[in-house]
Amino acid sequence: MRANRRPFTIAGRWLLAALFVCGLIATAPTVRAADDPASVLPDDTLLYLVVPSVDKLKADFKKTNVYGLYKDPAMQPFVGPAEAKIRAKVDEKLAEAWKKMGLEEPPKEVPVPTGRVALGLRMVLKKKSFTFTQYDDDGKPFQKTQEYTAPEPEFVIWAQMGDRLATAKQLIEKAAEKSVNDEGYRRQTDNIRGTDVVILTPPAPDKDKGNSKDEPVCYAIRGDTIVASNSEEFFRNTIARIGGAEAGATLADNAGFKSISRKLGADSANVLLFVNAQAIIKMVRDKAGEKGREQIEKVIGTLGLDGLTGLGVAMNVGASPVEDFRVRALVGMRGERKGVLALLTPASRPVRGQKMLTSDLVGFLVANYDIGRIVTEGAKLAEALTGQPVGQMMQGAMEQTAEGEGGRPAVNLQQELLGQMSGPVQVLVWAHKPYAAPDSMQLLVTLGLRDAKTFATALGRIHTTFIAQGNKETQQDFQGTTIFLLKSLPIPGLGGAVQKDNPISMAVSGSDLLLGGLKRVQQSIRDGGRQDLKSIEADAMYQHAARMLPPQAGLVFYENGVVAGERSWVQLKQLAKKAAQGGEGGEGGDDGPSGFNPMVQVVKEIQKYADFNALPDFGAVKKYFGASVGYLVDTDEGLLLDMVSVKPPAGN
């Protein structure tokens with residue numbers, strides 16, 4: 001008699017658990033078309049993930065400073081005990097798993113793939129039904145069944161096991177045997193174009209016991225590669241294509257996939273991910289059916305999504321002596337940019353020469369977006385989709401700023417506010433010692449303005465009407481500049497008490513709108529008249545990292561990993577002390593009105609395995625910290641984002 005609950009064995013889970021416990025799911029064919037999984041996956045594959053070589057990924061990771069930090073002798077008092085505790089916990093769970101599988105001689109290690117691994121996933125619309133109770137006019141209950149259509153995931157995975165195949169095969173066969181004997185699965189064997197396959201079909205659902213039907217498990221072994229799936233049809237078609245059957249349109253033929261893979265340099269990447277936007281759009285269209293097709297086409301066309309081909313992400317690890325990690329992402333686009341795709345595309349401007357980027361910054365982001373245009377055009381898109389006069393409604397809210405009969409009319413939102421916003425948008429970050437202090441990091445957002453005076457007047461009227469409401473203390477004059485204080489609530493764990501004396505504020509200084517804590521806004525107003533501030537281009541770490549930047553870009557960001565790393569290091573050790581003392585947060589009021597800091601709770605949980613008090617002083621490991629830099633550019637293939645973790649310069 002089978003148990004009502006679904007225990008360890010259920011076929012759709014055991015295969016993944018046994019083979020890919022380390023999170024490596026995928027493909028590594030060694031035979032013909034299987035050498036390129038994309039060439040046997042259908043064109044409507046929604047997601048494709050591939051690691052060309054697990055062993056190479058491991059070897060390349062050992063070239064990085066992250067691995068160097070992990071292996072440094074100064075880190076061993078922290079790393080050693082943590083590793084031992086984690087390994088003991090893993091061994092305990094594995095022992096339980098081996099016991100449930102009935103293994104008399106369990107493997108010493110879980111067999112992890114050595115070569116290529118990959119995953120192909122698609123969503124298939126399937127008809128479903130559910131039954132619920134209703135009542136007739138006399139109050140008598142009756143059962144009613146309603147049908148609906150919903151997408152379900154189907155996947156095929158490959159894993160090249162190398163010399164670990166025998167162990168993996170042993171685990172698979174044992175798990176399959178247990179599923180058949182204990183769970184009632186039906187085992188079927190077949191040969192598809194020269195490949196022996198096994199298909200495990202779950203038993204029919206038992207309504208009396210409340211059992212729910214599970215997925216089948218299909219698998220085959222070709223050479224040293226395991227191929228598996230949760231869909232018999234998907235699996236059979238894939239194996240047939242690997243064996244030489246006519247494939248029809250495949251993912252490898254997909255124009256978006258080819259374009260994105262080429263642009264990202266997929267051939268040399270350690271990891272490649274592709275999300276097929278056209279497959280998603282097709283699924284949405286199919287789900288809408290004939291009745292909803294007109295509305296769906298309107299949404300797609302208005303938003304410009306028909307020009308979206310996909311999203312690709314490629315990661316390289318230790319690709320050069322200067323780089324630790326490099327991640328390149330591409331939002332694939334084709335044709336004229338319309339709708340949200342046009343709004344997402346920033347203007348390309350010179351990277352150098354931004355006046356507010358000074359050498360005391362720990363990091364920054366500069367995005368060349370016209371915010372006023374984005375808001376205005378976004379409102380038009382919303383109006384086109386909803387039929388509601390969004391722009392008119394936004395202006396209607398401004399009627400409260402009118403000054404009565406004979407006074408100034410209401411603020412014209414478009415002409416006086418939105419129309420004066422231009423760009424770029426800048427996010428500027430400073431970090432000051434002592435790093436343990438809750439206000440050691442300061443952040444300022446700036447926005448370039450066309451007519452600063454017109455904007456400041458409109459902003460003042462809006463602030464007076466909706467926020468100040470007669471409270472003169474919410475506005476202050478500072479060196480001839482009006483600062484508008486915003487009402488803000490303390491945020492637990494994020495310096496809530498500091499906000500009482502340092503509320504979020506806005507001011508127009510020069511040709512920029514400033515938004516940040518009051519102290520930072522005041523300091524930036526002071527700095528506006530200084531001539532002695534050095535550009536960030538004079539900073540040695542920035543000079544080192546900026547070599548990765550192009551002359552022009554739509555967006556640029558940078559972080560000094562040494563300063564940011566030391567601050568995080570110090571604050572982590574501070575949190576560890578609080579956690580060791582048993583408190584929920586600090587007594588100094590830096591954790592909000594209740595004194596509760598959620599990060600302390602996180603550290604408490606982690607410290608069951610890792611003692612952060614055992615971390616060395618930052619100076620002992622400083623040499624492993626460099627910088628992060630990246631940029632976004634508009635290309636013929638779409639928006640390309642390039643992010644690099646840069647090793648520190650020699651002798652740093």
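When a residue number appears, it is its place in the shown sequence, counting from 1.
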Please identify which of these residues, Val351, Val429, Asp539, meets the side chain to side chain contact (heavy atoms under 4.5 Å, CB included) condition with Tyr558.
Asp539
Among Leu549, Leu365, Leu632, side chain to side chain contact (heavy atoms under 4.5 Å, CB included) partner for Val556
Leu549
More than 12 foreign heavy atoms under 6.0 Å from NZ of Lys282: is that the case here?
no
Step through the shown structure and confirm whether more than 12 heavy atoms of other residues, nucleotides or ligands are within 6.0 Å of CZ on Arg352.
no
Can [X] and [Y] be counted as having a side-chain donor-acceptor contact under 3.5 angstrom?
X: Asn276; Y: Asp44; answer: no
X: Gln414; Y: Thr376; answer: yes
X: Gln523; Y: Arg520; answer: no
X: Arg567; Y: Ser440; answer: yes
X: Thr358; Y: Asp360; answer: yes

Side chains of [X] and [Y]: does their closest heavy-atom pair fall under 4.5 Å?
X: Arg337; Y: Asp634; result: yes
X: Phe557; Y: Val427; result: no
X: Thr446; Y: Leu513; result: no
X: Val66; Y: Leu69; result: no
X: Leu486; Y: Met506; result: yes
X: Leu272; Y: Val313; result: no
X: Leu273; Y: Val50; result: no
X: Val508; Y: Leu514; result: no

So, taking the atom named [atom1] in [X] and the one named [atom2] in [Y], what distance separates them when rounded to the nearest 0.5 Å?
X: Ile606; Y: Leu572; atom1: CD1; atom2: CG; result: 7.5 Å
X: Tyr624; Y: Met75; atom1: OH; atom2: CE; result: 9.5 Å
X: Leu308; Y: Ile280; atom1: CG; atom2: CD1; result: 8.0 Å
X: Asn368; Y: Gln552; atom1: CG; atom2: CD; result: 9.5 Å
X: Ile300; Y: Ile281; atom1: CD1; atom2: CD1; result: 5.5 Å

Should [X] and [Y] count as an ion pair when the cut-off is N to O under 4.0 Å?
X: Asp527; Y: Lys355; result: no
X: Arg262; Y: Asp267; result: no
X: Arg326; Y: Asp642; result: yes

Between Tyr542 and Phe364, what is the ring plane arrangement, given parallel below 30°, perpendicular above 60°, and tilted in between?
tilted
What side-chain donor-acceptor pairs closer than 3.5 Å can you find for residues 418-425, not counting sequence neighbours?
from: Gln420; atom 1: OE1; to: Asp451; atom 2: N; distance (Å): 3.1
from: Gln420; atom 1: NE2; to: Gln415; atom 2: O; distance (Å): 2.8
from: Ser422; atom 1: OG; to: Gly448; atom 2: O; distance (Å): 3.0

Does the gap between the ring centers of Phe625 and Phe618 come in under 6.0 Å?
yes
Just grab all the ring-ring contact (aromatic ring centres under 6.0 Å, His included) pairs involving residues 254-280, residues at least two apart or on different chains.
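Matches after skipping sequence neighbours: Tyr48-Phe257, Phe257-Phe274.
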Where do Val40 and Val156 land on the side-chain contact (heavy atoms from CB on, under 4.5 Å) test, with the steps shown first?
CA-CA 11 Å; Val40 295; Val156 175; over 6 Å; no
Take Leu640 and Lys263, measure what side-chain contact (heavy atoms from CB on, under 4.5 Å) needs, and give me the verdict at the end.
CA-CA 9 Å; Leu640 175 67; Lys263 190 69 176 179; 4.3 Å; yes
Walk me through it: do Asp43 and Asn254 pass the test side-chain hydrogen bond (donor to acceptor under 3.5 Å, both in side chains)?
CA-CA 6 Å; Asp43 181 60; Asn254 183 284; 3.1 Å; yes
